[in-house]
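For reference, the structure discussed in these notes is given below.
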Amino acid sequence: MAFVQAAPRLGNQYDDDRVLRGYLERTLAPEQLEASRAQLARMGELAGGELYAQQLAERDLEPQLVQWDGWGNRVDRIELTPLWQRAEQIAAREGLIALPHEAPLGALSRVLQFALVYLFTPSTDVYACPLAMTDGAARTLAGAGNRELAARALPHLVSRDPARFWTSGQWMTEAIGGSDVGLAEAEARFAPGEGWRLYGRKWFTSAIASQMALTLARPAGNAPGGKGLALFYLETRDAEGRPNRLTVDRLKDKLGTRKVPTAELTLEGTPAIPVGELGNGVRAISTVLNITRVWNAVSAVSYMRRGLALARAYARERVAFGATLARKPLHVDTLAGLQAEFEAGFQLAFFVVELLGRAELGAASEEQQTLARMLTPVAKLLTGRQSVAVLSEVLEAFGGAGYVEDTGLPMLLRDAQVFPIWEGTTNVLALDALRAIAPTGLGPWLRELHLLLGAVRDKELVALSARLQAAAEASDAWLKARAGRDEAALEAGARRFALTLGRVTAAALLARQAQWSLEHRQDPAPRAAALRFAAAGVNLLQDHDPEISGLLSA
Ligand SMILES: Cc1cc2nc3c(=O)[nH]c(=O)nc-3n(C[C@H](O)[C@H](O)[C@H](O)COP(=O)(O)OP(=O)(O)OC[C@H]3O[C@@H](n4cnc5c(N)ncnc54)[C@H](O)[C@@H]3O)c2cc1C
C-alpha cells in the first residue's frame, strides 16, 4: 500500500482552545462563564465539526450574480453559497448581533459575543463581513436619535429569528477613494413629494445581499470634503422585491474572500433617508468603522488560531526523518513563535472588545474611552499584519500540501490578506491612531500599562515588564520629539510607532494573563508565549531618515 497522509482534524474548537478558555476564566465572573459555557461549547462543536466539513465540501462554490430573469427583467439577485445561507441562520439564532443589545453579561456581553464570533468566523467563509457591518449599523441606528429609522430597522438587525433577521451593508468606498472618503462623488438630491434620492457609483460593497445599507452621499450644494457628506439609510429592494433603483454592475474577482459577494454598484435615484444631520457624514459613520475594526481584529486572531490548530494536528501525524514533526525541535520552535504571535494578538483584540463593551454601556471612564480610540486602530492594524505573516508560515508548516487547493489551506492565507486592507489599511490606521493620541499624548496608555504590569510577580515576567516599560517610555519620547515639531518625521514613522504601541500593549496584556495562569491554573504556557512574543521585538521605532525617499527613485 502506498502511504497516504491523514488530513488534519479539528475537535470542538472551544474545548480545544486553551487561550480562549483561560482568557474567559480570568475575565468573566464564574457564574457568567457558567451561564455561557453551553453556548460556547455548541459553537465550538459546530465550528470544528459540521461547519468545517461543509466549508471544505463547498470549496469550489462561489456566489453568483443573476442580473436578468428569463423574461428580460433586471433582477440583480445574488445567489449565496449554502454555507453562507446557513451561517446567517446560525448568526441570528445565536444572537451574534443581538447579544450586545440584550446585554446578558452587562458590560462583558461584548466579550461573550466576540468569543462566539471568534469560534464561528474561521468556519463560515468570512460571513463575519456582513455581520460586522450589521453590528456597526445596529449601534449607529440605536444611537443616532432617529426614532423612526431605529423603529423600522433595529428590530430586524438584532432579531434572533432568522426569518426576520436583516444584515446591513456599509457603502463608503468609491472608485475615487476608500481611505480618503471625503472625495466621495455620490450625490443626494431632494425632490418634494419624493424625499431623498441617491445617484453615483459605489466601488466596493461587500454585503450586497443585505436588506439595507448605510452609505455616504453629498447632498446637492453641500461643500466638498468629509464634512459635506451625509450618512444615509437605504433599503436595497423595493416593496416588490426589485432592486431599489440601483444596479449591481458586477461582482469583483478577488484574491480571497471569494464567498463574499463584493459588488460594484450604480445608484440610480435610490430612495434614502438621512440618518441624522445633512453633513458630517464621515463622523457619523465612525461608529460603524470602530465596530467593524474590532470584528476585523477578532477575525484576524481567529484565523491565526485556525491555522495553528490545523498545523498542530498535522505535526502530530506527519512523519519526517524518523519521527513526527511534533517531535522535531525546530518544527516545534517554528510553531511556538507563531503561537506566541497569536496569543499576544488575541489578548490585544479582546482588550479592545472589553473597552468597546464598557464604553457602550456608559461604564468606561474618560481615560478608558481615550484608550479605546487609541487602541482600536492599533489592534486592527497589528492583528491584520500578524495574521498574514502567521498564515503564510502555517502553509509552509504543511510543506507542499499547504500550497495545494483541495487541502483547503491556501484559502486561509488568501482570506487573511484582506485583514490589513479593508476597514483601513495599516498606514491609514497608523495615522488614525496618531490623531486619537494627539489631544492627550500617551499619558492614558502609560498609566494603563503601569496598572497591567503592576500585577506581575513572576521573576521572568518582572524582567519582561521592565523591558516593556522602557519601550513605552521610548515611544513617549519619540512622539514628544516629533509631534508639533517635525510633522514629516512623525508621519513617516507612524506605522512603526503604532506597531510598537500594539506590540507593547499586547505583551503587557499577555504578561498579565501569564501571571494569572501561573497562579490559578499552574499553567506556564502563557508566560512562555509572552517571553517568546517579546523576544521577536516590541520596539520597532527607528529614527526617520529624510533621505529614505531616495530609495524609491528609478
Ligand atoms: C474584499 C474587499 C471588500 C471590501 N468591501 C467594502 C465594503 O463593503 N464597503 C466599503 O465601503 N469598502 C469596502 N472595501 C474597500 C476598502 O475598505 C478599501 O479598499 C480600503 O479602505 C483602502 O482604500 P483604497 O482602496 O482607496 O486604497 P488607497 O487609500 O488608495 O490606498 C493605497 C495605499 O496607499 C496607502 N495610503 C493611503 N493614504 C495614505 C496616507 N495618507 N499616508 C500613507 N499611506 C497612505 C494605503 O495604506 C495603501 O497602502 C473592500 C475592499 C476589499 C478588498
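Start at 1 and go down the list; that is how both ligands and their atoms are numbered.
There is a side-chain donor-acceptor pair under 3.5 Å between Thr262 and Ser206. When only modelled atom types and interatomic distance are considered, Asn427 and Arg495 share a side-chain donor-acceptor pair under 3.5 Å. Checked by atom type, the side-chain pair Gln55/Arg59 shows no donor-acceptor distance below 3.5 Å.
Looking at Thr262, Val428, Ile285 and measuring to atom 38 (N) of ligand 1, the nearest heavy atom belongs to Val428. The heavy atom nearest to atom 42 (N) of ligand 1, out of those in Leu431, Ile208, Asp432, is found in Leu431. The heavy atom nearest to atom 12 (N) of ligand 1, out of those in Thr426, Thr205, Thr173, Val126, is found in Thr173.
Checked against a 3.5 angstrom limit, the closest N/O atoms of Gly178 and ligand 1 fall inside it. Considering backbone and side-chain N/O of Phe204, one or more are found under 3.5 Å from N/O of ligand 1. Polar contact check, Thr257 against ligand 1: no nitrogen or oxygen pair lies under 3.5 Å apart. For the pair Ser206 and ligand 1, the shortest N or O to N or O distance falls below 3.5 Å. Taking any N or O of Trp422, backbone or side chain, none lies under 3.5 Å from an N or O belonging to ligand 1.
In terms of protein heavy-atom proximity, atom 20 (C) of ligand 1 is nearest to Ile421 O, 3.6 Å. Scanning the protein heavy atoms around atom 28 (P) of ligand 1, the nearest turns out to be Ser179 OG, 3.6 Å. Asn427 ND2, 3.3 Å is the protein heavy atom nearest to atom 44 (N) of ligand 1.
With a 6.0 Å radius and a threshold of 12 heavy atoms from other residues, nucleotides or ligands, Glu487 has its CD atom above the threshold.
Proximity of Thr425 to ligand 1, defined as any heavy-atom pair under 4.0 Å, is confined to the side chain (atoms from C-beta onward). At a 4.0 Å heavy-atom cut-off, ligand 1 does not touch Lys252 at all. The side chain of Val418, and not its backbone, has at least one atom closer than 4.0 Å to an atom of ligand 1 (non-hydrogen atoms only; side chain from C-beta on).
Salt-bridge formation is detected for the pair Glu62/Arg258: a Lys NZ or Arg NE/NH1/NH2 atom is positioned less than 4.0 Å from an Asp or Glu carboxylate oxygen. Of the charged side-chain nitrogens involved, at least one lies within less than 4.0 Å of a carboxylate oxygen, so that Glu264 and Lys252 count as a salt-bridged pair.
The ligand atoms of ligand 1 that sit less than 4.0 angstrom from a heavy atom of Met172 are 10 (C), 11 (O). Here is the list of ligand 1 atoms found below 4.0 Å of a heavy atom in Lys254: 1 (C). Short contacts between ligand 1 and Glu423, defined as distances under 4.0 Å to a heavy atom of the residue, involve ligand atoms 17 (O).
In this structure, Arg189 forms no cation-pi arrangement with Trp196, as its terminal cationic atom is not both closer than 6.0 Å to the ring centre and no more than 45° off the ring axis. At least one test fails for Arg160 against the ring of Phe165: distance under 6.0 Å to the centre or angle within 45° of the axis. Cation-pi contact between Arg306 and Tyr52: present, with separation from the ring centre below 6.0 Å and deviation from the ring axis of at most 45°.
There is a protein heavy atom closer than 4.0 angstrom to atom 47 (O) of ligand 1. Taking a distance limit of 4.0 Å, we find that atom 15 (C) of ligand 1 is approached by some protein heavy atom.
Exactly one of Val126, Val388, Thr383 qualifies for a side-chain contact (heavy atoms from CB on, under 4.5 Å) with Tyr303. That residue is Val126.
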Salt bridge (charged side-chain N to carboxylate O under 4.0 Å, His left out) evaluation trace for Glu341 with Arg503: CA-CA 10 Å; Glu341 288 294 322; Arg503 292 191 73 85; 2.9 Å; yes
